[in-house]
Chemist: 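My questions will all concern the structure given below.
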Amino acid sequence: MKIFPIVLLFSAAIAFAQVGLVQSTHGIRVPSAKTIDKGMLYFSGSFTMISDGAPLSIGGFYIDHKGILQELSENSPSNDEALFVSFAPLDNIEFGVGIPTHYDGKASAEPLNGFALGDIELRAKWYINTYEKLFFGVSGAIFLPTGSEERGFRPRHSWYINSDKEAYAYTARYLSYNVNLHLSLELNDYLTFNGYIGALKVYNNSKNFILWGGGVEFQPIQSLTIIAEVSGETPFRVDHVGQNIMKNPLRLTPALRLNLPNYTFLTISGDVGLNYFLDYDKRKGRYITLKSGKHDLFFNTAGTPNVSVGVSVSKMIDFSWSDSDGDGVIDRKDLCPNTAQGMAVNSRGCPVDEDQDGVLNIVDLCLGTMRGLEVDYNGCPLDLDKDGVYDYQDNCLKTPLGVAVDEYGCTLDSDNDGIDDNHDLCPGSKPGEPVNEEGCPLDEDHDGIPNDKDQCPATPEGFSIDESGCPLDFDHDGVPNELDRCPESEPNEKVNVWGCPADSDNDGVPDSKDQCADTPEGVKVDEAGCRLDQDKDGVFDEEDKCPDTPEEAPIDEFGCPIDSDGDGIDDWMDQCPNSLPTVKTDSVGCPINSRYNFNDIAIRIRFRDKDSTLLNSSYTALNDIVAFMREYPIAIKIQSIVDDDFDDTDKIAKGRMKNILRYIRDKGIDKSRIIIQEELERTQDTDRKGKTGVIGLTPFLIQKD
């Protein structure tokens with residue numbers, strides 16, 4: 001169980017803190033490093049009560065007046081009250097005094113219960129702002145031995161117990177003093193960290209004590225602050241660190257503070273002692289001999305009560321006397337804190353009439369008006385003609401309302417055409433040029449045609465025009481003669497901006513003759529403006545890698561003849577277009593070995609005349625097919641030609657194909673590798689007359705998945 005207190009000690013020692021109660025406008029037991037503002041008086045009153053009913057001892061006894069050993073009671077109420085007052089006479093310096101009182105209920109037959117004064121604390125603090133949001137402070141305190149030696153059971157601080165384990169509940173009995181280092185960090189507008197570490201010494205005690213702790217404040221809204229702190233009091237020893245923490249005060253303090261108007265604060269807090277998390281027995285407690293009363297009490301305690309709750313009310317009052325602007329009114333009463341030096345002010349620190357124009361500053365819209373000038377009710381110099389120029393600067397005092405004026409208040413007419421700039425629709429008129437009532441020239445384009453008759457009022461200067469004032473265009477192409485580079489365009493011909501025949505796709509053929517208007521730029525075209533395809537294979541010359549392909553020859557996407565079976569003979573001249581890749585072919589693409597030539601094999605397949613029955617001579621050809629299909633991964637397509645001169649030609653043709661399929665399948669070839677052409681081919685070829693059912697065989701490789 002020692003790991004937990006050691007971790008707490010390590011984190012708190014880094015953070016810095018002290019054990020105290022509401023000694024600052026920030027923090028509960030961990031005050032801020034900052035002092036209150038100069039001239040501010042701060043005071044707080046607090047009440048803390050043990051809430052678990054068993055705050056006094058783990059175990060203990062006392063010897064009564066008859067010499068009999070008596071067990072101590074565990075249950076007894078216990079609370080503390082404190083008044084803390086501080087004042088800042090100078091910037092960054094604060095002095096304070098804390099007056100504690102304590103109460104313990106009855107714990108034994110000894111008359112120790114009741115209220116009594118504790119050790120009064122005198123404190124001073126100084127701080128410095130080292131960075132925009134980082135503050136360091138130093139404070140010192142003296143604890144006067146004013147506490148009662150006749151009352152109380154529970155020692156209020158660790159340093160009340162001297163090196164002989166003798167203690168009083170409400171006092172250290174001797175003068176105590178400590179020095180402390182503070183740190184505060186304002187992380188953002190909502191989150192603040194406060195920390196503190198200090199060393200304390202009791203005059204006649206050989207032990208030194210460390211006061212420490214740390215905490216954060218979170219202010220989600222202006223009126224509420226959430227606080228969480230850890231703090232403790234520990235004898236300064238390098239050995240038995242964990243035991244020292246468990247046997248001396250260490251508390252976790254959550255709190256809520258209401259930030260009320262007029263520098264008033266209401267705080268509700270709780271203390272959770274270390275022994276709340278641990279099971280204490282008599283061996284883990286700290287042994288104490290209590291000297292209060294007529295008889296000594298001997299007991300051991302856990303250091304900090306399990307749980308306690310506290311309520312405090314704090315307030316600040318402004319007694320500052322600074323006068324930043326030197327106007328005789330202190331800043332806290334000065335409504336105008338930046339008054340110029342030597343200026344007369346009223347009781348609230350505001351100038352009565354700074355420019356002495358008869359209008360108070362608070363309603364004067366023109367502060368600083370020269371003395372002696374007549375002003376209106378807003379404190380601004382008069383402008384009777386409302387032209388924006390004050391009368392004392394206006395050389396033309398009766399300018400008509402709405403007329404443009406210059407800096408001297410006289411009519412502004414930039415082009416000197418007699419029309420002021422506010423009403424001049426043509427402010428760039430040429431000097432001396434006749435204008436209308438709107439300030440625009442009577443012949444705006446200077447073409448000799450008055451504006452009211454000019455159908456083209458913006459004709460460029462120097463252009464030849466017709467009687468309507470519009471530029472001449474002899475070929476009626478919409479381009480004036482002066483700009484027309486092709487003045488003899490054909491009627492209704494589409495032209496460009498220079499009057500020449502338009503060529504939208506820049507192929508050299510005018511749009512009027514171009515049958516392919518969207519030809520890509522840079523390609524060759526014919527006289528009709530269309531892309532060239534000299535071998536008429538459907539691939540344009542600039543993309544055709546085989547520009548001399550025979551007409552109607554099957555081609556690929558690059559315009560080259562296709563060789564489907566890869567035998568080196570293009571399809572258009574291949575008489576056996578489905579030769580297998582491994583079979584050698586002749587100049588017309590047919591296998592040199594007739595066993596691999598399915599055209600020859602097909603000729604050798606015979607049937608009875610006008611019947612579908614295979615002749616015995618056909619089996620040799622069929623066996624060649626079976627052998628080939630067993631050796632190579634091919635499929636075959638069976639075709640039959642129909643001659644309408646026979647009766648039942650369709651039935652005979654289909655029967656012959658099925659007999660071939662059945663024979664090949666019976667030889668162990670999978671049916672899926674044999675395809676029968678469903679649509680019969682009909683012929684009018686005289687060479688094929690009387691040969692209904694002639695068989696055609698087409699092999700092809702089976703595609704692998």
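Below, all heavy atoms of this structure are taken into account, side chains as well, without hydrogens, waters or symmetry copies. Here the structure is a predicted model, which means the values were calculated and not measured.
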Chemist: Show the nearest heavy-atom pair for residues L290 and G152, with the distance to one decimal.
Modeler: CD2-O, 3.5 Å

Chemist: Report yes if the side chains of L181 and F136 come closer than 4.5 Å at any heavy-atom pair, otherwise no.
Modeler: no

Chemist: Using 0.5 Å steps for rounding, measure from the CE atom of M316 to the CZ atom of F265.
Modeler: 5.0 Å

Chemist: T192 versus T225: any side-chain heavy-atom pair under 4.5 Å?
Modeler: no

Chemist: Check for a donor-acceptor pair, side chain of S308 on one end and backbone N or O of V272 on the other, with a separation under 3.5 Å.
Modeler: no

Chemist: Supply the atom-to-atom distance I28 CD1 to T267 OG1, rounded to the nearest 0.5 angstrom.
Modeler: 4.5 Å

Chemist: What closest approach, in Å, do N113 and G105 show between heavy atoms, and which atom pair accounts for it?
Modeler: CB-C, 3.4 Å

Chemist: Are there over 12 heavy-atom neighbours, none belonging to Y190, within less than 6.0 Å of that residue's OH?
Modeler: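 Open.
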
Chemist: Yes or no on side chain to side chain contact (heavy atoms under 4.5 Å, CB included) for R173 and N205, after CA distance, side-chain angles and deciding distance?
Modeler: CA-CA 10 Å; R173 199 183 188 193; N205 195 337; over 6 Å; no

Chemist: Would you say V389 and Y408 make side-chain contact, with heavy atoms under 4.5 Å?
Modeler: no

Chemist: Can you tell me if D376 uses its side chain to pair, donor with acceptor, with the backbone of G379 under 3.5 Å?
Modeler: yes

Chemist: Report yes if the side chains of K315 and N262 come closer than 4.5 Å at any heavy-atom pair, otherwise no.
Modeler: yes

Chemist: Give me the atom names and distance for the closest heavy-atom approach of F143 to N178.
Modeler: CE1-OD1, 4.0 Å

Chemist: Donor-acceptor pair, D104 side chain versus F153 backbone, under 3.5 Å?
Modeler: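 Looks like yes, one N/O pair under 3.5 Å.
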
Chemist: Measure from the side-chain N and O atoms of E149 to the backbone N and O of T171, and report whether any donor-acceptor pair falls under 3.5 Å.
Modeler: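 Not a single qualifying donor-acceptor pair exists.
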
Chemist: Could you label the plane-to-plane angle of the H157 and Y160 rings as parallel, tilted or perpendicular, counting under 30° as parallel and over 60° as perpendicular?
Modeler: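 Ring orientation, 0 to 90° scale: perpendicular.
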
Chemist: Kindly indicate whether the side chain of Y263, heavy atoms from C-beta on, has any atom under 4.5 Å from the side chain of Y42.
Modeler: no

Chemist: Under the side chain to side chain contact (heavy atoms under 4.5 Å, CB included) test, which residues partner S24, sequence neighbours left out?
Modeler: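 Only H26, P31, S32 meet the side chain to side chain contact (heavy atoms under 4.5 Å, CB included) criterion with S24.
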
Chemist: Run the numbers on S231 and R29 for side-chain hydrogen bond (donor to acceptor under 3.5 Å, both in side chains), then give the verdict.
Modeler: CA-CA 7 Å; S231 56; R29 294 187 177 276; 5.1 Å; no

Chemist: Please assess N259 against I221 for the test side chain to side chain contact (heavy atoms under 4.5 Å, CB included), listing each intermediate value before the final yes or no.
Modeler: CA-CA 10 Å; N259 306 310; I221 57 176; over 6 Å; no

Chemist: Go through I288 and I161 one step at a time and tell me if the side chain to side chain contact (heavy atoms under 4.5 Å, CB included) criterion holds.
Modeler: CA-CA 7 Å; I288 297 171; I161 306 170; 3.6 Å; yes

Chemist: K34: what forms a salt bridge (charged side-chain N to carboxylate O under 4.0 Å, His left out) with it, not counting sequence neighbours?
Modeler: E186

Chemist: Report yes if some heavy atom in the side chain of L144 is under 4.5 Å from a heavy atom in the side chain of D119; otherwise report no.
Modeler: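 Heavy-atom side-chain distance check fails, nothing below 4.5 Å.
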
Chemist: Considering all heavy atoms of both residues, which atom of A141 and which atom of R123 are nearest to each other, and what is their separation?
Modeler: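 Taking A141 first and R123 second, the nearest heavy atoms are CB-NH2, 3.4 Å.
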
Chemist: Who passes salt bridge (charged side-chain N to carboxylate O under 4.0 Å, His left out) against R151, sequence neighbours left out?
Modeler: none

Chemist: Between CH2 of W212 and OG1 of T234, what distance do you get to the nearest 0.5 Å?
Modeler: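 With rounding to 0.5 Å, CH2 (W212) is 5.0 Å from OG1 (T234).
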
Chemist: Let's go through N79 and I50 carefully: what are the C-alpha distance in whole Å and the side-chain angles of both, what is the deciding distance for side chain to side chain contact (heavy atoms under 4.5 Å, CB included) to 0.1 Å, and is it a yes or a no?
Modeler: CA-CA 6 Å; N79 56 60; I50 304 300; over 6 Å; no

Chemist: If I take atom OH from residue Y203 and atom CG from residue L175, how far apart are they, to the nearest 0.5 angstrom?
Modeler: 9.0 Å

Chemist: Taking C-beta and beyond as the side chain, do L224 and L258 meet within less than 4.5 Å on heavy atoms?
Modeler: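 Yes. Closest side-chain heavy atoms under 4.5 Å.
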
Chemist: Any side-chain heavy atom of R156 sitting closer than 4.5 Å to one from Y170?
Modeler: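 The answer is yes; the side chains approach within 4.5 Å.
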
Chemist: To the nearest 0.5 Å, what is the distance between OG1 (T101) and CZ (F47)?
Modeler: 9.5 Å

Chemist: Tabulate below the donor-acceptor pairs under 3.5 Å that side-chain atoms of residues 86-97 make, not counting sequence neighbours, or state none.
Modeler:
residue : atom : partner : partner atom : Å
S86     : OG   : E94     : OE2          : 2.7
E94     : OE1  : I36     : N            : 3.3

Chemist: Using the salt bridge (charged side-chain N to carboxylate O under 4.0 Å, His left out) criterion, which residues pair with E150? Sequence neighbours excluded.
Modeler: none

Chemist: Does S206 have any side chain to side chain contact (heavy atoms under 4.5 Å, CB included) partners at least two apart in sequence or in another chain, and if so, which?
Modeler: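 For S206 the side chain to side chain contact (heavy atoms under 4.5 Å, CB included) partners, ignoring immediate neighbours, are S163.
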
Chemist: For E374, does the CD atom have more than 12 heavy-atom neighbours from other residues, nucleotides or ligands under 6.0 Å away?
Modeler: no

Chemist: Could you check L185, N129, L183, N194 and say which one makes a side chain to side chain contact (heavy atoms under 4.5 Å, CB included) with F135?
Modeler: N129

Chemist: If you count every heavy atom of other residues, nucleotides or ligands that lies below 6.0 Å from K165 atom NZ, does the total exceed 12?
Modeler: no

Chemist: Would you compute the distance between atom CG of D296 and atom CZ of F298 and round it to the nearest 0.5 angstrom?
Modeler: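 So the CG of D296 and the CZ of F298 are separated by 5.0 Å.
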
Chemist: If I compare all heavy atoms of S320 with all of K38, which pair ends up nearest, and what's the gap?
Modeler: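 It is CB-O, 3.4 Å.
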
Chemist: Using modelled atom types and a 3.5 Å cut-off, is there a donor and acceptor pairing between side-chain atoms of N162 and backbone atoms of D164?
Modeler: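 Indeed, once roles are kept as given, a pair shorter than 3.5 Å links the two residues.
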
Chemist: Using every non-hydrogen atom in the two residues, find where G118 and T146 come nearest and quote the distance to one decimal.
Modeler: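 Reported closest heavy-atom pair: O-OG1, 2.7 Å.
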
Chemist: Just by modelled atom types, is the L191 backbone N or O under 3.5 Å from a matching donor or acceptor in the N188 side chain?
Modeler: yes

